[in-house]
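Side-chain atoms are counted along with the backbone in the values below, which use heavy atoms only and exclude waters and symmetry mates. What you are looking at is a predicted structure, and each value in this text was computed from that prediction instead of being measured. We name chains A, B, ... by the order of the sequence lines, and we start the count at 1 in each one.
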Number of protein chains: 2
Amino acid sequence: MKKKTSIHDIAKQLNVSSTTVSFVLNGKAEENRISKELQYKVLEYVKKVGYQPNQLAKSLRTGKSMILCMLVEDISDPFFSSISRIVETKAFEHGYKIFFASTENDTEKTKALIRVFRERQVDGYIIAPPPGIEEELQDLLHEKVPVIQFDRFLPEVKTTNVIIDNLGGAYSAVQHLQENGYQQIGFVTLESKQTQMQDRLNGYLKAIKEKKQKKVVLKVPYRNPNESTQEKVRLFLQDNPAMDALLFATNYLAIDGLVAIASLKLNIPGNIAVVGFDDNTHFSLFSPPITAVAQPVLKIAEEVVVQLMNKIKSSGKNPRKEENILLPTQLIVRKSSLAVPGKKLNARLENIKNESISS
Amino acid sequence: MKKKTSIHDIAKQLNVSSTTVSFVLNGKAEENRISKELQYKVLEYVKKVGYQPNQLAKSLRTGKSMILCMLVEDISDPFFSSISRIVETKAFEHGYKIFFASTENDTEKTKALIRVFRERQVDGYIIAPPPGIEEELQDLLHEKVPVIQFDRFLPEVKTTNVIIDNLGGAYSAVQHLQENGYQQIGFVTLESKQTQMQDRLNGYLKAIKEKKQKKVVLKVPYRNPNESTQEKVRLFLQDNPAMDALLFATNYLAIDGLVAIASLKLNIPGNIAVVGFDDNTHFSLFSPPITAVAQPVLKIAEEVVVQLMNKIKSSGKNPRKEENILLPTQLIVRKSSLAVPGKKLNARLENIKNESISS
DNA sequence: AATATTTGCTAAATCCATTTAGCTATCTAT
DNA sequence: ATAGATAGCTAAATGGATTTAGCAAATATT
């Protein structure tokens with residue numbers, strides 16, 4: 001690489017000091033009484049040679065890297081990637097670049113990631129935390145580095161959190177199924193103690209208890225392979241023949257669940273109604289289209305950036321108190337959860353019988 | 001923020017020079033004859049106080065930022081986000097972090113992005129280029145900064161490119177439809193001169209010409225709103241009543257096309273067969289499942305990283321010659337493109353008649 | 001005319017690490 | 001006894017910016 005021009009090169013060429021050039025380039029010319037002519041001369045020359053200040057040097061001196069870091073479970077997950085996309089754009093408008101990384105919900109991997117980004121003097125963290133990184137986040141807070149948790153949060157760590165109304169979302173989904181005449185609603189979720197999962201479970205339980213229905217819950221281990229999840233859902237359906245509706249706690253659980261339902265040749269919603277948590281661009285194209293609890297992706301992303309920028313600005317000053325920003329979900333009703341007119345109880349049992357006769 | 005400990009603080013505490021500490025920490029202790037005891041002492045202390053070297057200072061001095069930048073059209077697109085995910089992981093294994101950014105296929109935005117990342121002394125670029133940034137890439141090459149183009153490429157810029165066999169992929173898709181008895185196969189693509197789009201068109205044309213079939217092409221403008229694309233496909237279907245199959249050139253065109261087909265109440269593949277370019281996790285769940293030309297996402301990502309690492313390593317030495325790495329596609333055959341036994345020509349016309357009677 | 005103020009600019013310190021060149025003390029060989 | 005080699009370490013330069021403190025000349029004030 002040929003050597004790049006530095007501020008000193010500029011200064012030398014113009015027979016001024018690098019201080020002057022720096023003042024001009026950083027809008028501090030007036031307060032330092034640099035004459036208009038000289039300002040003009042510097043700007044002209046800088047433009048002419050296409051000088052670009054070295055941000056590394058700048059950051060080293062100022063202590064601001066103008067870099068944020070965003071840690072999500074998996075940047076290829078549609079939910080996280082669409083949020084990332086918006087966060088990237090918004091942050092860029094504020095002059096910030098972003099390191100994206102996938103935690104895989106792995107505690108050790110995430111600790112390593114945080115270590116690396118701390119070395120890089122990252123100015124702020126946006127994180128959907130895996131369990132067990134309380135200490136690392138606390139360390140960041142001690143160093144007065146702004147941290148926002150989103151999607152889920154570690155309650156022990158006092159940060160501003162941007163989350164959705166998981167409880168309300170699950171509650172409204174179950175309620176919707178109940179209103180459409182479903183009487184035994186199953187809930188397929190993850191074996192996870194994370195806040196968002198707990199809240200979704202609680203929302204489900206609340207609605208079930210209110211109507212005095214039977215609670216039917218399947219918990220799938222976290223890093224379960226797809227086929228195994230599908231098998232578990234299949235068994236779950238077979239073990240609970242009276243179950244006439246299913247609420248899936250995540251996007252990918254819903255996908256696996258749909259595969260399982262398809263493999264049992266069950267009819268949606270005739271034999272089993274389906275609602276997913278977290279909407280998907282393609283749910284409307286499935287047949288039947290799948291009802292889902294939509295998360296306000298745009299709002300989440302915007303809020304995350306707004307909150308982080310606030311923190312960065314007010315850093316050093318007396319910090320405003322931390323708060324949980326709770327955003328509403330929206331139930332998108334599609335065919336998969338509609339009432340089935342004249343539906344008999346145990347429609348599925350009959351279907352299974354018919355299936356075995358016809359096959 | 002409380003001041004972090006620097007290498008000088010370490011040195012002072014141990015009553016040695018910072019040179020010594022640096023040697024020990026960078027594995028250069030032996031070649032500089034630092035005694036074993038001192039090495040041990042330094043490492044112990046560093047561990048004890050949890051010292052983390054400032055990467056900014058390190059990068060400033062060494063000229064290596066250990067940061068890559070990956071520019072794709074849209075990081076929330078499933079194709080790009082899954083590649084990004086893998087690239088992120090692989091690059092991390094080599095000690096590199098990545099700035100991801102979305103070009104939106106916008107020339108000016110991309111120029112601005114490149115400018116910003118150059119200021120940051122990024123060590124290498126992975127880019128799915130929008131049109132019109134030949135000069136910027138050339139500038140990077142002049143500065144001996146490694147650049148890899150992928151997915152598509154600007155032929156004027158001599159870089160190593162990782163691309164898939166777009167021509168072969170489209171060709172095999174059409175051939176597959178022909179073998180299943182489809183006689184008038186339409187191609188829905190973008191108004192785009194980019195290499196990947198041109199090659200897909202050429203693959204389509206080649207197969208059509210070989211069988212002397214009628215060429216039926218719909219070109220949708222680039223940033224067309226979804227509804228408008230759907231409307232265009234609807235008209236395309238209505239204007240070509242004898243068309244019995246459709247090949248879509250991209251993922252999102254296929255989605256819009258499926259919406260259009262559904263809105264016309266057409267049966268797949270009875271009235272119209274469908275093949276998409278670029279497979280999607282959900283295509284197998286559509287009804288019917290959608291046949292697609294799958295891109296080797298994992299291979300693309302791996303190859304991109306391997307090639308970039310090679311370039312970074314051999315930087316300065318006589319560069320190996322640039323090459324196009326062409327990866328094969330795979331046709332995933334599903335129900336949407338299967339032969340329809342006893343299918344009459346113009347089955348769709350009849351269907352449309354029946355529809356209007358029954359409704 | 002002497003002093004105070006303002007204008008216009010710069011020297012040098014600083015951020016934190018790496019790296020070159022070299023210094024001293026000890027040991028070896030003659 | 002003396003040159004030469006080696007072991008063990010360090011001073012100082014360097015990378016490229018920002019920023020504090022301050023200098024010299026021009027202008028204003030009394």
Side-chain angles (χ1 to χ4, degrees), chain A residues 1-43 46 49-67 118-123 143, chain B residues 1-42 46 49-67 116 118-123 143:
Chain A
M1 320 202 186
K2 65 180 167 197
K3 222 173 100 233
K4 286 233 207 161
T5 47
S6 76
I7 197 169
H8 296 288
D9 301 331
I10 303 281
K12 207 168 293 172
Q13 286 303 312
L14 292 176
N15 263 315
V16 295
S17 79
S18 56
T19 310
T20 304
V21 179
S22 174
F23 283 152
V24 172
L25 291 180
N26 291 289
K28 301 189 176 172
E30 290 308 325
E31 61 187 276
N32 285 286
R33 297 176 299 266
I34 308 297
S35 66
K36 288 262 182 267
E37 306 97 76
L38 187 45
Q39 286 187 44
Y40 184 77
K41 203 169 126 194
V42 169
L43 288 174
V46 160
V49 299
Y51 163 70
Q52 294 176 328
N54 183 322
Q55 283 291 335
L56 289 176
K58 201 164 179 160
S59 297
L60 177 60
R61 184 65 239 261
T62 60
K64 313 243 128 271
S65 65
M66 299 305 279
I67 296 176
R118 282 177 68 172
E119 288 176 356
R120 288 239 125 73
Q121 325 296 129
V122 160
D123 287 343
E143 289 188 8
Chain B
M1 320 204 185
K2 67 179 166 199
K3 222 173 99 227
K4 287 235 207 158
T5 48
S6 76
I7 196 169
H8 296 288
D9 300 331
I10 304 280
K12 208 168 289 170
Q13 287 303 312
L14 292 175
N15 261 316
V16 295
S17 79
S18 57
T19 310
T20 304
V21 179
S22 174
F23 283 152
V24 172
L25 291 179
N26 290 290
K28 302 192 174 169
E30 290 308 325
E31 60 187 278
N32 285 286
R33 299 177 297 266
I34 307 297
S35 67
K36 288 262 182 266
E37 307 96 78
L38 188 45
Q39 285 185 43
Y40 184 77
K41 203 168 124 194
V42 169
V46 160
V49 299
Y51 163 69
Q52 294 175 329
N54 183 321
Q55 282 292 335
L56 289 177
K58 202 165 179 160
S59 296
L60 177 60
R61 184 67 239 264
T62 61
K64 313 242 129 273
S65 65
M66 299 304 281
I67 296 175
V116 167
R118 284 177 67 174
E119 288 175 358
R120 287 240 128 73
Q121 327 296 128
V122 159
D123 286 343
E143 288 188 9

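Nearest nucleotide to the Pro53(B) side chain, out of dA17(D), dT19(C), dA17(C): dA17(C). In this structure, of dA17(D), dT19(C), dT10(D), it is dT19(C) that holds the atom nearest to the side chain of Arg61(B). Of the candidate nucleotides dG8(C), dC16(C), dT14(D), dC16(C) has the atom lying nearest to any side-chain atom of Asn54(B).
The CG atom of Leu25(A) sits 11 Å away from the C1' atom of dA17(D) (whole-angstrom rounding). Between the NZ atom of Lys12(B) and the C1' atom of dA11(D) there is a distance of 15 Å, given to the nearest Å. The CD-C1' distance, from Gln121(B) to dG16(D), rounds to 9 Å in whole Å. In this entry the distance linking CD of Glu30(A) with C1' of dT6(C) reads 15 Å, nearest Å. In this structure, Lys36(B) atom NZ and dA7(D) atom C1' are separated by 13 Å, rounded to whole Å. In this structure, the CG atom of Leu60(B) is 17 Å from the P atom of dA13(D), given to the nearest Å. Spacing between atom NZ of Lys4(A) and atom C1' of dG15(D) amounts to 14 Å, rounded to whole angstrom units. Taking atom CD of residue Glu119(B) and atom P of nucleotide dT18(D), one finds them 11 Å apart after rounding to whole Å.
Pairing each heavy atom of Ser65(A) with each of Val122(A), the nearest pair is OG-CA, 3.6 Å. Here the closest heavy-atom approach between residue Gln39(A) and residue Ile34(A) is recorded as NE2-O, 3.0 Å. Of all the heavy atoms in Leu60(B) and Ala57(A), the pair that sits closest is CD1-CB, 3.9 Å. Taking every heavy atom of both residues into account, Val24(A) and Ala29(A) meet most closely at CA-CB, 4.1 Å.
Legend: salt bridge (Lys or Arg N to Asp or Glu O under 4.0 Å) pairs involving residues 24-36 of chain A, not counting sequence neighbours, sorted by first then second residue: Glu30(A)-Lys36(A).
At least one side-chain nitrogen or oxygen of Lys28(B) sits closer than 4.0 Å to the OP1 or OP2 atom of dT19(C). The shortest distance between the side-chain N/O atoms of Ser17(B) and the OP1/OP2 oxygens of dT10(D) is below 4.0 Å. The phosphate of dT18(C) has OP1 or OP2 within less than 4.0 Å of a side-chain N or O from Ser22(B). Look at Ser35(B) and you'll find a side-chain N or O under 4.0 angstrom from OP1 or OP2 of dC9(D). For Tyr51(A) and dA17(D), the shortest distance from a side-chain N or O to OP1 or OP2 is below 4.0 Å.
Among Val42(A), Asp9(A), Leu38(A), the single residue meeting the side-chain contact (heavy atoms from CB on, under 4.5 Å) criterion with Leu14(A) is Val42(A).
Within the 4.0 angstrom heavy-atom criterion, only backbone atoms of the sugar-phosphate kind lie near Ser6(B); the bases stay farther away. Here Leu38(A) lies in heavy-atom contact (under 4.0 Å) with sugar-phosphate atoms only.
Mapped onto DNA chain D by nearest heavy atom, Asn15(B) and Leu56(B) fall at different nucleotides, with Asn15(B) at the one closer to the 5' end.
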Worked verdict on Arg120(A) versus Ile67(B) for side chain to side chain contact (heavy atoms under 4.5 Å, CB included): CA-CA 10 Å; Arg120(A) 288 239 125 73; Ile67(B) 296 175; 4.0 Å; yes
Verdict with reasoning, Ser22(A) to Thr19(A), per side-chain hydrogen bond (donor to acceptor under 3.5 Å, both in side chains): CA-CA 5 Å; Ser22(A) 174; Thr19(A) 310; over 6 Å; no
Chi angles and distances behind the side chain to side chain contact (heavy atoms under 4.5 Å, CB included) call for Lys58(A), Met66(A): CA-CA 10 Å; Lys58(A) 201 164 179 160; Met66(A) 299 305 279; over 6 Å; no
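Going from atom CD of Glu119(A) over to atom NZ of Lys4(B) covers 8.0 Å, rounded to the nearest 0.5 Å.
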Under 4.0 Å protein heavy-atom contacts per nucleotide of nucleotides 21-26 of chain C, with B for base, S for backbone only and - for none: ------
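End-to-end axis angle of the helix from dA1(C)-dT30(D) to dT30(C)-dA1(D), from C1' rotation axes over five pairs per end: 60° (rounded to 10 degrees).
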